[in-house]
Amino acid sequence: MSFIEEDELIATIALQMVSGIGPVMSKNLIAYCGSAKTVFSESKKHLKSIQGVGSALVDKILAFKSFDQAHAEFQLCAKNNIEVIHYLSPDFPLRLKEIYDSPLVLFKKGNFNLNNKRILAIVGTRRMSDYGKKTTDKLIEQIRDYQPLIISGLAYGVDTQ
């Protein structure tokens with residue numbers, strides 16, 4: 001289980017929902033304010049003093065009211081045994097932490113190590129051709145003995161194949 005408290009996870013999910021804020025700006029805001037939760041309660045003046053944050057973005061942050069939606073997403077994860085992993089958590093993948101614009105949170109279902117030596121990401125179409133299905137099956141058969149962790153965005157198509 002993560003050392004990040006539930007209200008901070010919910011605030012981090014909410015921060016991702018603010019239009020115009022990506023992972024880099026989110027991390028910058030969290031660093032300056034001390035937490036995602038604090039970002040939403042900071043003064044307009046303090047938020048505007050943060051490099052790269054203009055008046056329009058401050059207005060979007062302070063006008064954000066969809067905390068119920070963020071809470072509902074967190075509750076849905078809890079109900080379905082999906083772990084929400086904050087980027088500051090020791091459970092967050094080490095290699096992903098090295099990426100400048102890595103996500104704020106990951107959603108993990110199952111018992112596996114995100115720091116596995118061998119990881120394969122699957123990205124592809126939702127409408128696979130027969131050739132794509134055969135190629136995917138052949139690839140998986142060839143790497144099976146290496147027991148890689150296969151990461152997927154959970155889209156139907158090549159991901160489920």
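Scope of the values below: all heavy atoms of this structure, side chains included, with no hydrogens, waters or symmetry mates. Model, not experiment: these values are computed from the prediction. We count residues from 1, following the sequence as given.
- Among L15, T12, I85, the single residue meeting the side chain to side chain contact (heavy atoms under 4.5 Å, CB included) criterion with V105 is T12.
- With values rounded to the nearest 0.5 angstrom, I10 atom CD1 is found 10.0 Å from D68 atom CG.
- Using a distance-only test at 3.5 Å, with no hydrogens or angles considered, a donor-acceptor pair links the side chain of S49 to the main chain of H46.
- Looking at residues two or more places apart in sequence or on another chain, you find no salt bridge (Lys or Arg N to Asp or Glu O under 4.0 Å) involving K48.
- F92 and N115 get closest at one heavy-atom pair: O-ND2, 4.1 Å.
- For the pair L62/E42, no side-chain contact is recorded, criterion being any heavy-atom separation below 4.5 Å from C-beta on.
- Taking CD of E5 as the reference point, atom CG of D7 lies at 5.5 Å (rounded to 0.5 Å).
- Remark: F67 CZ to K37 NZ distance equals 10.5 Å, nearest 0.5 Å.
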Before giving the answer on side-chain contact (heavy atoms from CB on, under 4.5 Å), spell out for L149 and N113 the whole-Å C-alpha distance, their side-chain angles and the decisive distance to 0.1 Å. CA-CA 8 Å; L149 172 61; N113 178 3; over 6 Å; no
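- In summary, E141 and R144 engage in a salt bridge, as defined by a charged side-chain N under 4.0 Å from a carboxylate O.
- Here CG of D101 is found 11.5 Å from OG of S26. Values are rounded to the nearest 0.5 Å.
- In this structure, L29 and I21 approach most closely via the heavy-atom pair CD1-CD1, 3.9 Å.
- The distance from the CD1 atom of I30 to the CD atom of E8 is 6.0 Å, given to the nearest 0.5 Å.
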What side-chain donor-acceptor pairs closer than 3.5 Å can you find for residues 69-79, not counting sequence neighbours?
none

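- Of the possible donor and acceptor atoms, one in the side chain of K109 sits under 3.5 Å from a partner among the backbone N and O of N80.
- Counting only distance, with no hydrogens or angles, the side chain of K27 and the backbone of S102 share a donor-acceptor pair below 3.5 Å.
- When every heavy atom of Y87 is checked against every heavy atom of P103, the shortest pair comes out as CB-O, 3.7 Å.
- You'll find the side chain of S43 reaches within 4.5 Å of the side chain of K45, heavy atoms only.
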Show your working on side-chain contact (heavy atoms from CB on, under 4.5 Å) between I50 and C33 and close with a plain yes or no. CA-CA 9 Å; I50 300 170; C33 297; 4.1 Å; yes
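- Each of D91, N111, L106 was compared with E83 under the side chain to side chain contact (heavy atoms under 4.5 Å, CB included) criterion, and only D91 meets it.
- Neither V24 nor L47 shares a network with the other; the hydrophobic side chains, linked directly or stepwise wherever heavy atoms of I, L, V, M, F, W or Y lie under 4.5 Å apart, form separate groups for each.
- Heavy atoms only, all atoms of each residue included: F40 and F64 are closest at CE2-CD2, 3.7 Å.
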Would M17 and I13 count as a side-chain contact (heavy atoms from CB on, under 4.5 Å) if you check the C-alpha gap in whole Å, the side-chain angles of each, and the deciding distance to 0.1 Å? CA-CA 7 Å; M17 295 176 170; I13 292 169; 3.9 Å; yes
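- Between the CG atom in D145 and the CD atom in Q147 there is a gap of 8.0 Å [rounded to 0.5 Å].
- The two residues G20 and L57 make their nearest non-hydrogen contact at O-CD1, 4.0 Å.
- Hydrophobic clustering, with ILVMFWY side chains joined whenever heavy atoms are under 4.5 angstrom apart, keeps L139 apart from Y131.
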